[in-house]
Structure formats: C-alpha cells, structure tokens
2 protein chains.
Amino acid sequence: MKWDDLADQPCSVARTVAVIGDRWTLMILRDCFLGIRRFEDFQARLGISRTITAERLKALVDEGVLKKVPYQDRPLRHEYRLTDKGLDLYPVMMAVVNFGDRHYAGEAGPPLLHRHRTCGCDFQPVITCSACHEPLAAREVETRAGPGAV
Amino acid sequence: MKWDDLADQPCSVARTVAVIGDRWTLMILRDCFLGIRRFEDFQARLGISRTITAERLKALVDEGVLKKVPYQDRPLRHEYRLTDKGLDLYPVMMAVVNFGDRHYAGEAGPPLLHRHRTCGCDFQPVITCSACHEPLAAREVETRAGPGAV
DNA sequence: ACCATTCAGTTTATTTTCTGGACTGACTAT
DNA sequence: ATAGTCAGTCCAGAAAATAAACTGAATGGT
C-alpha cells in the first residue's frame, strides 16, 4: 500500500494517520501546541532538514490543521497557527504525552507539567466515556461496524 | 536529526513518537486493538510489504509494546499480543479514532462504533482533567518545565 | 513418496524519500 | 556597501520502502 491510499480507507485511524502519522509531523504539532509559530523556530527546534519542515508545514496547511497568518508586510511573512481542526488534535497530543510520561520519564519525573487553568491543578489527562463519564479501559470496550462501514 | 535521536530528547512526545510515530506502526497498533494477532493477518490487512511488517512488529516487541506468544509447536509459531504497556496506548488510539470520526467520517457516519461494556452505551472518548474531572480544552492548559526537564 | 499449501519470515533489486548544505529573494540595520 | 534575518527552494548523495521471489518447517492429500 502507498501512504496516500491510507486516506481512502473506511477507517478513522487510517484517515487520521494519513495526515499526522509521521514522526516529523507529530513533532511539528507538539511545537504548535507549545506556541511555536515560525518557520525558523520549527526548523531550529526540530533540527530536521528545511525541505522536510517546509513540506510538512505545507501538508498541514493543505489539510486545514494549520493556517498561515501574516504577521508583517515588507517583507511579507506568515506564521503557522493551529486551526480549530488542529486544536481538535489536542487529545491525541495529551494521550501521547501521558504515555511518554508513564513509560519514558526518568527518575526525576516528566519533563513538562500541565496545569488546568480552570481548576488550578497540575493534572494527567484521563480518557472517559461520554455516556457514563467513567474512565475508559481498553478491555471494557466492544467495537462493531458503524453506519459508515463499507 | 535522525529518527533514533528522538528517543533521547527530554520530551515525552518525542520519546513516544520515536516508538509509535510511524504510519505503519500506528496501523499495526490499530489492528492489535481490533484483535489481530498473526503475521499473515497483519500483512494481508495492511497490504504493506512483508519486510516492513516484520520490521515494525519486531520493533514493537523490542519496545515492550507487543509480546510474542507461542500458539502452536511444530512448527513453532507465535502471535503478537499487546502487553500492559501496549494497552496503555489505548487512549492514543481512541483520540486518533475520535479525530478521524469528527473530521473524516463521510455522511453515513463513522465506520466503527465503540460500546462501553460497563454502561452499555455507544460512546465517544472524552479527555478530562485528573484533578477536577472536567473535560479538557487546549486553551485551558498551561505548560511549564517539570522535574525531568533538562 | 510426491506435491501443494500454510505460516512466518528473509533476500534482493528497484523506487521513493530524506538529508545536509548551498542558494535565492525580499527586506532591515549599521 | 555590507551583514543579517526570515522563509523558503534546489541539488546530489544517503537512507528507507517497495514488490516479488525465495527459505524453511511442517501438514494434508493422493
């Protein structure tokens, strides 16, 4: 299978992975959620080739995950910001962070802490059921074909 | 930067992405959560080269996300199962699925439904704050250096 | 005994992608 | 005039992915 064919599968994972399922794309998104906006900053922080930085940013813009917003004229320059669709990736990011914190944090603890402004506490993300609001475990879930199945 | 250098960064996203941040690895994990266990089944479902299937499965085993369990002798054959560490990736998967359902489901609706056995309802995953149990929004969160920072 | 089939890979040659480094172009600051 | 900033593009070589064939251990049929 080719990478682009993923987007055509009747699977929400495949369709999403076709967009964000790439090491550098995920790292770019991490930086976006940390407030990075400019090409040179992505480039410097990631330490990857400029070609890939440019290509991945363009792909994310084409997908509607990021948008280019001008921040100066003469010379005209743009910065990259998360769209509402991009912000919807926050749960994915937090789930990834949480996994890293659990399994790869050193003895010192996690490299970053997250504070919930609303309640003022440092937190871990907890995934819950939209129906009963209880935390979800993989083994408690049954999957079956939905309306959009082939 | 090289791919392997990611794992050495003081960042939980980078460390996790070093393990799962690859299109085919994510697709393999999707299948694991759907109950696929055997090499030939992964291979057939994904339609990717056998080389990559073998290499990715091996990497996931080396990382402790999957384990090889013999299911017959003569000839000795193994199947791949999620470890407890692998099951910890469930929130990541569900977050990815949820994003796909929101943004890439056709008019018919999502291709798969998830039912919470505990409460009996179809659900969407909701990410909440471990402290106040309210749903989390990206804009309500502040990030700062934690104990494991450089 | 012989041949086909299953399963889990490995090998190989070719195609695709990624990399580092140099370069472009519009402008500002000294 | 010269250097510097920013956002890229271009290029040749290196690395990774691909399809397709092959290996090897065993079973099942005739």
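Letters go in sequence order (proteins before strands), and every chain restarts at 1.
Here the side chain of B:Glu40 is nearest to one of D:dT27, C:dA8, D:dG8, namely C:dA8. You'll find that the side chain of B:Trp24 is closest to D:dT18, out of C:dC7, D:dT18, D:dC6. Closest to the B:Arg74 side chain, of the nucleotides D:dA7, C:dA26, D:dT27, is D:dT27. The side chain of A:Tyr71 lies closest to D:dC6 when the candidates are C:dG9, C:dT19, D:dC6. The nucleotide whose nearest atom lies closest to any side-chain atom of B:Arg50 is, among C:dG9, D:dA17, C:dG21, C:dG9. Side-chain proximity of B:Lys68 to C:dG9, C:dA26, D:dT27: nearest is C:dG9.
Mapping A:Pro75 and A:Glu55 onto DNA chain D by nearest heavy atom places A:Pro75 closer to the 5' end of the strand. Comparing A:Ile52 and A:Asp73 against DNA chain C, the residue whose closest nucleotide sits nearer the 5' end is A:Ile52.
Across the protein-nucleic acid pair, B:Phe39 atom CZ and D:dG24 atom C1' stand 14 Å apart, rounded to whole Å. Between B:Leu76 atom CG and D:dA26 atom C1' there is a gap of 12 Å when expressed in whole angstrom units. One atom, CD of A:Glu79, and another, C1' of D:dC6, lie 13 Å apart when rounded to the nearest Å. Computed from coordinates, the A:Leu57 CG to D:dG8 P distance equals 8 Å when rounded to whole Å. A straight line from CG of B:Leu6 to P of C:dC18 spans 14 Å, rounded to a whole angstrom. To the nearest angstrom, C1' of D:dG4 lies 11 Å from CZ of A:Arg77. When rounded to the nearest whole Å, the span between CG of B:Asp22 and P of C:dT17 equals 14 Å. When the P atom of D:dG8 is taken as reference, atom CZ of A:Arg56 falls 15 Å away, rounded to whole Å.
For B:Thr51 against C:dG9, a side-chain-to-base donor-acceptor contact under 3.5 Å is absent.
Residue B:Tyr80 places no side-chain N or O under 4.0 Å from the OP1 or OP2 atom of C:dC7. The phosphate of C:dT10 (OP1 or OP2) has no side-chain N or O of B:Lys58 nearer than 4.0 angstrom.
Residues A:Arg23 and B:Gly21 approach most closely at CG-O, 2.9 Å, considering heavy atoms.
Taking 4.0 Å as the cut-off between side-chain N and carboxylate O, B:Arg81 and B:Glu79 count as a salt-bridged pair.
Taking the six-membered ring for Trp and thresholds of 30 and 60 degrees, B:His116 and B:Phe123 have ring planes more than 60 degrees apart, a perpendicular arrangement.
There is a path of hydrophobic side-chain contacts, each under 4.5 Å, that joins B:Val13 to A:Val19.
For the pair A:Arg37 and A:Tyr71, the cation-pi criterion (under 6.0 Å, within 45° of the ring axis) is not fulfilled.
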